[in-house]
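Let me begin by presenting the structure, written as structure tokens, before commenting on it.
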Amino acid sequence: MDIKAMLAREFEVQPEIVGRIVTLIDEGNTIPFIARYRKEQTGAMDDQKLRELSERLDYLRGLDKRRAQIEASLLEQDKLDDALKAKLAAAEMLSELEDIYRPYRPKRRTRAMIAKEKGVEPLADAIWAQRRGDDPRALAEAYVKEDVPDADTALALAGDILAERISDDASIRAALRAYVHRTGVLRSVQAKEGDNVYQQYADYREPVMRAAGHRVLALNRGEREEWLKVSVEVEEEGALQIIRRAVVRPESACCDIVRAAAQDAWERLIAPSLEREIRAELTDKANEGAIAVFGQNLRQLLMQPPIRGKVTLGVDPGFRTGCKLAVVDENGRVLETGVGHFTLPGANLEKAKQQVLAMMRRHHVTAVAIGNGTASRESERFIADLLSEVPGAAYTIVSEAGASVYSASKLGAKEFPDYDVSLRSAVSIARRMQDPLAELVKIDPKAIGVGQYQHDLKQAQLESTLSGVVQSCVSSVGVDVESASASLLTHVAGIGEKLAENIVAYRDENGIATRAQLKKVPKLGPKAFEQCAGFLRVHGTNPLDATAVHPESYAAAKALLDELGYEMKALEHGGILGITEKADAYGIEKLAKKLDVGEMTLRDILSELEKPGRDPREALPPSVLRTDVLELSDLKPGMELTGTVRNVIDFGAFVDIGVHQDGLVHISRMSDHFIRHPAEVVRVGDVVTVYVVSVDEKKKRIALSMVKEKA
């Protein structure tokens with residue numbers, strides 16, 4: 001199998017580009033590095049596509065490895081002829097390979113094996129031939145002996161051999177698999193009595209070919225928890241016709257036995273096997289879809305714009321033990337911590353108010369970040385009431401997801417050894433408002449809660465996808481080496497946990513004034529430096545060190561400045577406005593040739609020189625800061641509100657509209673035209689206008705719409 005040709009076809013790119021990408025991957029280059037600094041070689045393929053290509057490359061290489069294993073097994077069995085080898089070479093999916101190998105694969109003791117041991121395989125061959133003049137009973141009489149007492153037994157044993165032969169036929173299985181995909185129905189029924197969340201699936205049918213991933217995962221979970229029985233229903237007669245057309249010759253007296261063997265093969269061997277395969281395929285597809293949505297949501301959450309320049313009060317709400325408070329400065333340094341009691345009935349609100357106001361005034365707090373967990377509603381009401389006495393201050397609700405995980409982690413204990421777990425959580429809540437990316441990378445992505453059925457998904461695949469997303473986000477934003485935590489540095493392309501610790505230790509002891517100085521960090525060799533340098537920012541003696549220009553392009557950048565009549569120190573004043581237009585006037589192609597760089601690389605250098613160290617998050621809408629509070633009872637159908645998208649799932653999106661309980665915008669209410677997935681319209685962190693459709697105060701459910709109903 002020509003893997004590169006297949007990748008070129010699937011990804012619709014030129015074979016030579018695929019060849020260069022594969023070479024770059026095999027040389028140990030990271031995906032962010034390839035995407036950013038090897039655009040000429042990749043045709044400017046973005047990091048997401050590169051990651052997909054890399055994963056597909058791994059799959060195809062795994063397929064080739066399995067093909068080689070099968071060929072070795074067949075060779076050992078002396079069964080590998082040219083025809084079989086050609087079939088194996090043509091297989092492009094693992095299921096195809098396994099179907100071809102099925103007749104030769106070592107099996108547990110089967111009914112067909114027992115029949116063969118009794119010497120009736122020649123009888124099975126004679127019946128299979130279905131010659132016109134053959135009488136099956138007469139043929140069977142020749143096989144009657146001590147362990148085959150009569151002709152009926154001989155025919156039954158021959159039927160077992162034929163059933164397995166039919167079941168092992170790769171072409172028949174392929175046709176039946178396609179038939180089940182085309183006509184099969186995913187079916188679920190209630191397995192036991194009792195209240196549960198799977199009532200909508202108590203008597204449920206959905207065509208296999210249209211089975212939605214989130215419903216497949218819900219059915220799987222319901223089955224695992226023994227509330228549901230799930231199966232794949234197929235019209236049996238259609239399946240039998242496919243088999244009969246392949247194996248039965250109606251003009252033969254033996255055809256009835258072959259027809260009976262076909263039915264036995266379907267009912268006993270093929271149908272159960274195909275049901276398992278189809279269920280597994282649906283689950284794999286649902287896994288891939290859910291993991292993709294999880295990754296998209298995580299990317300959008302991490303890439304939310306930071307709210308910079310604000311001294312922030314973080315509030316970790318609670319009832320019995322009070323609300324933990326932490327004030328952090330503009331850079332996230334902790335200034336003061338405390339505990340406020342203002343959520344329980346009977347609390348001395350005036351005393352708590354004076355305590356919080358004193359903290360805010362003492363440190364000139366202008367923003368309050370409130371966690372959205374238990375007692376968030378009560379905390380929000382209290383904070384909103386006292387903000388009238390703090391001019392210019394506002395609050396926002398911050399997702400607590402993962403805050404407790406971080407607080408109880410070794411990293412949390414290392415950062416704040418003198419604080420208890422709950423106070424660390426308050427600090428994390430404040431910091432994740434100031435810079436979501438820098439704070440959220442400290443938490444296992446699976447604990448952040450921006451997906452569906454995460455515990456039901458393939459954990460290794462989920463882990464790989466999410467870690468790739470984190471690395472991509474950190475690398476695209478860039479990291480200031482002078483202040484970055486080891487946990488943040490860990491996610492930079494080319495840097496692992498140990499190397500991140502080495503960088504921090506070296507920085508704390510020696511300081512880092514240039515990117516070149518990073519080469520002195522223990523264990524940071526030439527390859528690691530090549531991969532990570534462009535994503536690390538150093539505000540020192542060389543202005544280029546604070547940009548995304550890679551050190552390998554410094555000479556080209558300096559030559560570019562000289563050619564266009566600029567000095568390097570111009571970068572120190574916020575960039576060189578108009579340099580791109582001047583380069584366009586000069587001629588990009590001409591300039592690229594003179595500087596001996598690719599045109600795409602030149603464009604990237606110009607972009608960085610015009611706006612050094614640009615943060616891609618700045619172009620996104622900022623979080624909503626509030627000064628008032630709404631109650632669930634305040635909501636009325638038709639009311640127009642502004643909210644922030646908290647989670648995007650297959651059937652809609654949850655939007656925070658300031659009432660603690662997120663509202664659901666169903667996919668059918670997200671656009672006035674058809675969309676296949678909510679991600680086509682919204683993403684996590686988007687600020688959107690929504691309209692209240694209905695409110696169920698008892699169940700605390702809010703239905704929202706992004707489409708205003710016509711009067």
Check step by step if side chain to side chain donor-acceptor pair (under 3.5 Å) holds for Thr283 and Asn220.
CA-CA 8 Å; Thr283 299; Asn220 288 353; 2.9 Å; yes
Salt bridge (charged side-chain N to carboxylate O under 4.0 Å, His left out) assessment of Lys229 paired with Glu223:
CA-CA 6 Å; Lys229 288 182 180 178; Glu223 183 178 50; over 6 Å; no
May I have the step-by-step check of side-chain contact (heavy atoms from CB on, under 4.5 Å) for Gln300 and Met303, ending in yes or no?
CA-CA 5 Å; Gln300 291 148 13; Met303 294 298 284; 5.9 Å; no
Under the salt bridge (charged side-chain N to carboxylate O under 4.0 Å, His left out) rule, what do Glu237 and Arg244 come out as? Steps first, then yes or no, please.
CA-CA 10 Å; Glu237 187 55 34; Arg244 289 167 187 157; 2.8 Å; yes
Working note: Asn297 + Asn647, criterion side-chain contact (heavy atoms from CB on, under 4.5 Å); need CA distance, chi angles, decisive distance, verdict.
CA-CA 7 Å; Asn297 287 347; Asn647 199 4; 3.1 Å; yes
Give the C-alpha distance, both sets of side-chain angles, the deciding distance and a yes or no for salt bridge (charged side-chain N to carboxylate O under 4.0 Å, His left out) between Arg259 and Asp256.
CA-CA 5 Å; Arg259 187 178 288 110; Asp256 286 341; 2.7 Å; yes
I would like to know whether Ser273 and Arg173 meet side chain to side chain donor-acceptor pair (under 3.5 Å); could you show each step before the answer?
CA-CA 10 Å; Ser273 171; Arg173 292 187 74 89; 2.6 Å; yes
Check the pair Gln531 / Thr30 against side chain to side chain donor-acceptor pair (under 3.5 Å), numbers first and verdict last.
CA-CA 7 Å; Gln531 299 299 303; Thr30 62; 3.0 Å; yes
Between Arg109 and Glu117, does the salt bridge (charged side-chain N to carboxylate O under 4.0 Å, His left out) criterion hold? Intermediate values first, please.
CA-CA 11 Å; Arg109 190 171 168 79; Glu117 289 169 3; 2.6 Å; yes
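Taking all atoms of both residues into account, the shortest heavy-atom contact from Leu63 to Ala91 is CD2-O, 4.2 Å. Contact record, Thr42 with Ile21: CG2-CG1, 3.8 Å, taken as the closest heavy-atom pair. Residues Val682 and Ala653 approach most closely at CG2-CB, 4.0 Å, considering heavy atoms. Ala262 and Leu240 make their closest contact through O-CD2, 4.1 Å (heavy atoms, listed as atom of the first residue, atom of the second, distance). Across all non-hydrogen atoms, the minimal contact from Asp195 to Trp227 is O-CH2, 3.8 Å. Here the shortest heavy-atom pairing between Gly213 and Ala286 reads O-CB, 3.5 Å.
Salt bridge absent: Arg165 and Asp160 never bring a charged side-chain N and a carboxylate O closer than 4.0 Å. Arg268 and Glu164 are not joined by a salt bridge, as no carboxylate oxygen comes within less than 4.0 angstrom of a charged side-chain nitrogen. Of the charged side-chain nitrogens involved, at least one lies within less than 4.0 Å of a carboxylate oxygen, so that Glu10 and Arg56 count as a salt-bridged pair. By the 4.0 Å N-to-carboxylate-O rule, Glu98 lies too far from Arg67 to be salt-bridged with it. Note on Arg279 versus Asp284: no salt bridge recorded, every NZ/NE/NH1/NH2 to OD/OE distance being 4.0 Å or above. A salt bridge links Arg131 with Asp134; the closest basic N to acidic carboxylate O contact falls under 4.0 Å. Taking 4.0 Å as the cut-off between side-chain N and carboxylate O, Asp169 and Arg102 do not count as a salt-bridged pair. Salt-bridge annotation for Lys85 and Glu71: absent, with no side-chain N of the basic residue lying under 4.0 Å from a carboxylate O of the acidic one.
Here Leu75 contributes atom CG and Ile70 contributes atom CD1; the two are 13.5 Å apart, rounded to the nearest 0.5 Å. In this structure, the separation between CG on Asn29 and CG on Leu50 is 11.0 Å, given to the nearest 0.5 Å. The CG atom of Leu228 sits 10.0 Å away from atom NZ of Lys192, with the distance rounded to the nearest 0.5 Å. Here CD1 of Ile3 is found 4.5 Å from CG of Asp64. Values are rounded to the nearest 0.5 Å. Atom CG of Leu24 is separated from atom OG of Ser54 by 11.5 Å, given to the nearest 0.5 angstrom. To the nearest 0.5 Å, the span separating OG on Ser252 from CZ on Arg132 amounts to 9.5 Å.
Remark: side-chain polar atoms of Thr183 are paired, donor with acceptor, to backbone N or O of Tyr179 under 3.5 angstrom. Judged by distance alone, with hydrogens and angles left aside, the side-chain atoms of Thr465 form a donor-acceptor pair with the main-chain N or O of Gln461 at under 3.5 Å. Judged purely by atom type and a 3.5 angstrom limit, Ser472 has no side-chain atom pairing as donor or acceptor with the backbone of Gly468. Using modelled atom types, no side-chain atom of Glu12 and backbone atom of Ala8 make a donor-acceptor pair closer than 3.5 Å. At least one donor-acceptor pair under 3.5 Å links the side chain of Asn287 to the backbone N or O of Lys458. The backbone N or O of Val232 sits less than 3.5 Å from a side-chain atom of Glu275, completing a donor-acceptor pair. Listed for the Arg36 side chain is no donor-acceptor partner under 3.5 Å among the backbone atoms of Ser475.
Put simply, the side chain of Val148 reaches to within 4.5 Å of the side chain of Lys145, judged on heavy atoms. Contact check for Val189 versus Arg187: side-chain heavy atoms found under the 4.5 Å cut-off. Using a 4.5 Å heavy-atom cutoff, the side chains of Gln130 and Val258 are in contact. Considering only heavy atoms from C-beta on, Val645 stays 4.5 Å or farther from Arg683 through its side chain. Between Arg177 and Leu274, the closest side-chain pair of non-hydrogen atoms falls below 4.5 Å. Contact annotation: the side chain of Met113 never approaches that of Arg108 to less than 4.5 Å [non-hydrogen atoms, C-beta and beyond]. When side chains are defined from C-beta on, Tyr143 counts as touching Pro122, because their heavy atoms get closer than 4.5 Å. A 4.5 Å side-chain heavy-atom check between Trp128 and Ile166 finds at least one atom pair inside the cut-off.
Counting heavy atoms of neighbouring residues, nucleotides and ligands inside a 6.0 Å radius, atom CD of Glu226 does not exceed 12 of them. Remark: Arg701 CZ is loosely packed, at most 12 non-hydrogen atoms of other residues, nucleotides or ligands lying under 6.0 Å away. Heavy-atom neighbours of Lys285 NZ from other residues, nucleotides or ligands within 6.0 Å: at or below the threshold of 12.
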Using a 3.5 Å cut-off and no angle test, enumerate the donor-acceptor pairs between side-chain atoms of residues 76-83 and protein atoms at least two apart in sequence or in another chain.
| unit_1 | atom_1 | unit_2 | atom_2 | d |
| --- | --- | --- | --- | --- |
| Gln77 | NE2 | Ser73 | OG | 3.1 |
| Gln77 | NE2 | Tyr104 | O | 3.1 |
| Asp81 | OD1 | Ala83 | N | 3.3 |
| Asp81 | OD1 | Leu84 | N | 2.7 |

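Looking at residues two or more places apart in sequence or on another chain, you find a ring-ring contact (aromatic ring centres under 6.0 Å, His included) between Tyr204 and Tyr201. Looking at residues two or more places apart in sequence or on another chain, you find a side chain to side chain donor-acceptor pair (under 3.5 Å) between Glu193 and Gln190.
Under 3.5 Å, the side chains of Asp26 and Thr23 contain no donor-acceptor pair of N or O atoms.
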